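One structure is given below, encoded as structure tokens.
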There are 2 protein chains.
Amino acid sequence: MAASTLSEVARLAGVSLATASRVLNGSSRKPAEDIAERVREAADKLGYVPNAQAQALAKSSSGLIGLVVHDIADPYFSAIARGVQEAARQQNRMVLLASTSGAPSDEKEAVAAFAARRADSIVIAGSRSVRAEDKQGNIELAAELDRYCRNGGHVGVVGHPVVGASITEGYHVVKVPNEELAAGLAAELAATHDGAFLIIAGPEGLYTSDDRVRGFQRGLEEAGKPAAEVIRTGFNRAGGYDAGAALAERIKSSPERLCIFAVNDVMAIGVTAALRPEGVWIPRDATIAGFDDIETLRDFRPALSTVHLPLEDIGRLAAGDPDTPPVSGAVKLRRSTEIPAESQA
Amino acid sequence: MAASTLSEVARLAGVSLATASRVLNGSSRKPAEDIAERVREAADKLGYVPNAQAQALAKSSSGLIGLVVHDIADPYFSAIARGVQEAARQQNRMVLLASTSGAPSDEKEAVAAFAARRADSIVIAGSRSVRAEDKQGNIELAAELDRYCRNGGHVGVVGHPVVGASITEGYHVVKVPNEELAAGLAAELAATHDGAFLIIAGPEGLYTSDDRVRGFQRGLEEAGKPAAEVIRTGFNRAGGYDAGAALAERIKSSPERLCIFAVNDVMAIGVTAALRPEGVWIPRDATIAGFDDIETLRDFRPALSTVHLPLEDIGRLAAGDPDTPPVSGAVKLRRSTEIPAESQA
DNA sequence: CAATTCCGGGAAAGCGCTTGCCAACCCGGC
DNA sequence: GCCGGGTTGGCAAGCGCTTTCCCGGAATTG
């Protein structure tokens with residue numbers, strides 16, 4: 001990667017390095033127009049491309065924003081990524097991407113790499129966890145982030161603060177009202193559903209999952225319903241699928257319709273997918289709701305009830321866009337929780 | 001972003017800058033173990049994080065790989081992105097992301113930005129176009145890429161070469177046998193479908209779309225079928241939706257079942273989605289096939305016939321992973337093109 | 001034991017750019 | 001005609017790191 005340099009441009013234009021720099025790379029001091037023109041011509045002729053690394057080094061600001069996601073191909077994360085990307089574009093920055101499959105120790109690596117690249121800010125999406133196996137990783141991640149912040153970095157986290165992080169300076173959490181929204185969902189579902197409720201959750205210790213479970217239970221309680229049974233499984237489609245497969249028999253043999261709440265949409269999709277080949281139909285044999293309102297749902301049948309989250313805005317907020325409104329979700333009841341007419345009577 | 005520097009570490013450890021560098025940032029010369037240990041301790045105590053920018057500047061190699069996609073939230077692109085990301089991880093690099101919504105002039109901006117950051121290589125995903133309105137943008141993009149390559153950069157393009165690019169050095173095209181695969185799909189569909197065929201394509205001039213149309217027509221011809229009518233629309237879900245909406249009446253009033261080939265999966269999904277509220281059922285009233293086999297299809301009903309493409313591998317290949325096998329697709333016939341039994345007789 | 005390698009640490013020259021500071025110059029006003 | 005003030009270019013000192021080259025001492029050899 002050897003390209004022509006500023007000093008070559010300066011020489012060709014017959015000016016000093018300083019002048020060339022001032023002309024080409026925005027400075028408060030604007031050289032005279034005739035000189036500027038000469039410099040621009042020279043740059044053009046040489047095909048000069050400024051070396052952003054060198055600029056970053058000299059100005060100590062890289063114009064980079066780091067994004068940590070569990071899996072970029074997951075619609076939840078790619079929606080957030082889109083938001084971050086847009087915010088970055090507006091701020092004239094570039095996005096550095098890291099997929100970590102969710103392990104805090106990998107996230108720590110990613111943060112360290114971003115810090116090494118002197119990213120101006122770092123966005124961490126993906127649920128925080130207090131699970132025992134993540135303990136060590138969390139400590140390291142928190143330490144890495146603290147160091148990064150102490151050195152002047154900004155970090156935006158989606159949902160919950162990183163476990164153990166102690167710095168507040170430069171640390172920004174995009175709050176997602178998971179609990180309230182889940183409670184709201186429970187309330188609306190409780191209004192029409194008479195039977196039992198079942199929650200399919202992620203592993204205990206995952207904040208996002210736990211918050212939604214808690215909220216849903218609270219909503220049920222407030223509606224005067226008994227608490228729902230909770231099944232724990234993976235926080236992704238595969239987890240939902242497994243849970244669904246395990247549930248099919250039970251649903252078929254029970255006379256009462258079950259209302260299932262999967263703590264996120266991909267899990268709800270997994271559940272539904274596992275139920276289908278078993279002959280369990282939604283909403284005929286059971287009703288189901290998810291959470292997130294990922295774009296994929298638009299074309300999923302039966303239309304899935306869920307809680308809408310403005311994922312792109314969340315990304316934008318986490319990336320520090322000031323013009324984005326705060327996060328507000330909304331319950332969306334759709335076909336998957338509509339009790340069929342014949343049995344309502 | 002001021003962190004502690006290598007020279008601080010060196011001073012604390014009581015060694016020279018050179019030695020510290022050799023200890024901490026992999027060099028061929030390994031200092032003695034006791035000294036190394038001292039340096040490592042000092043680095044640890046100071047929380048030293050090497051400045052990758054400075055390293056890049058000194059070694060002139062940034063460890064960055066730039067990825068240009070139309071839309072990171074599109075499942076096609078996010079699958080490729082995942083592949084690129086994995087390859088990058090293996091090569092110990094980081095991914096720089098740019099979403100451009102498909103305009104060559106934006107892509108040019110992105111490439112320039114990557115070049116400025118001295119990315120070691122650039123991956124461009126997303127169909128190339130020869131449409132008139134993209135002419136100027138294409139020229140500029142090609143010029144930018146040529147310059148980048150001439151300066152020693154590597155570029156990997158998915159599908160077709162960038163229009164007008166003249167450099168071959170460092171220029172790497174991941175070939176996708178769109179035409180052959182589309183022909184294969186046509187052959188398989190022609191074997192069971194008796195009625196007319198219809199192609200829902202992207203705008204004329206989009207290589208990927210054009211290749212698939214050509215291949216499909218050839219397949220039909222080889223099977224002794226008349227050529228299919230071609231409808232042009234947007235190369236995304238919305239385009240498919242529009243086409244589907246426009247088609248509904250016609251399908252309902254025609255006695256003969258139509259076989260629709262949408263040139264990519266999201267378009268096929270769009271078509272299906274538009275048809276559904278009109279009461280047109282797939283495959284009862286018409287059959288439909290897509291192309292790409294995006295992950296979303298797994299949960300789309302009716303199961304969509306398509307052509308499987310190893311999208312992650314494509315990403316990996318474009319990112320220069322040598323261990324990835326060459327691209328080979330496969331026709332996947334599923335429910336959406338199964339002629340219902342009662343009418344087969 | 002002297003002559004010759006070998007080895008590992010350090011000094012210093014960059015990598016390409018920004019920017020504080022200085023000197024030169026122009027202008028108008030007295 | 002001289003001086004103050006305002007511009008405008010250029011010089012040079014970094015930004016944090018790698019790497020070449022040099023040099024002293026230890027190890028090797030005849």
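Every chain is numbered from 1 and lettered A, B, ... according to where its sequence line falls, protein lines coming before strand lines. If you're wondering where the values come from, they're calculated on a predicted model, not measured in any experiment.
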Closest to the [X] side chain: [options]?
| X | options | result |
| --- | --- | --- |
| A18(A) | dC11(D), dC17(C), dG16(D) | dC11(D) |
| I35(B) | dT18(C), dT18(D), dG9(C) | dG9(C) |
| A58(A) | dG10(D), dG16(D), dC17(C) | dC17(C) |
| N51(A) | dG10(C), dG16(D), dC17(C) | dC17(C) |

Problem - 5'-most by nearest nucleotide on DNA chain D - E33(A) or A52(B) - result: E33(A)
Problem - Toward the 5' end of DNA chain D, by each residue's nearest nucleotide, K59(A) or R22(B) - result: K59(A)
May I have the distance from [X] (atom [atom1]) to [N] (atom [atom2]), rounded to whole angstrom?
| X | N | atom1 | atom2 | value |
| --- | --- | --- | --- | --- |
| L6(B) | dA12(C) | CG | C1' | 15 Å |
| R118(A) | dC17(C) | CZ | P | 20 Å |
| Q55(A) | dG16(D) | CD | P | 17 Å |
| R11(B) | dG10(C) | CZ | P | 14 Å |
| L24(A) | dC17(C) | CG | P | 9 Å |
| E8(A) | dC15(C) | CD | P | 10 Å |
| Q53(B) | dG16(D) | CD | P | 12 Å |
| E37(A) | dT8(D) | CD | C1' | 18 Å |

Within the pair [X] and [N], is there a side-chain N or O less than 4.0 Å away from OP1 or OP2?
| X | N | value |
| --- | --- | --- |
| T5(B) | dG16(D) | no |
| S21(B) | dT18(D) | yes |
| S7(B) | dG16(D) | no |
| T19(B) | dG9(C) | no |

Handout entry: Pairwise side-chain contact, K175(B) with V327(B), heavy-atom cut-off 4.5 Å (strictly under)
Key = no
Handout entry: Worked verdict on Q90(B) versus E86(B) for side-chain hydrogen bond (donor to acceptor under 3.5 Å, both in side chains)
Key = CA-CA 6 Å; Q90(B) 271 172 27; E86(B) 275 167 19; 6.0 Å; no
Handout entry: Donor-acceptor under 3.5 Å (D120(A) side chain, S62(A) main chain)
Key = yes
Practice task
Using the side-chain hydrogen bond (donor to acceptor under 3.5 Å, both in side chains) rule, take D134(B) and S129(B) through it: C-alpha gap first, then chi angles, then the decisive distance, then the call.
Solution key: CA-CA 7 Å; D134(B) 291 336; S129(B) 137; 2.7 Å; yes
Completion exercise
CD (E107(B)) and OG1 (T100(B)) are apart, to the nearest 0.5 Å, by 4.0 Å
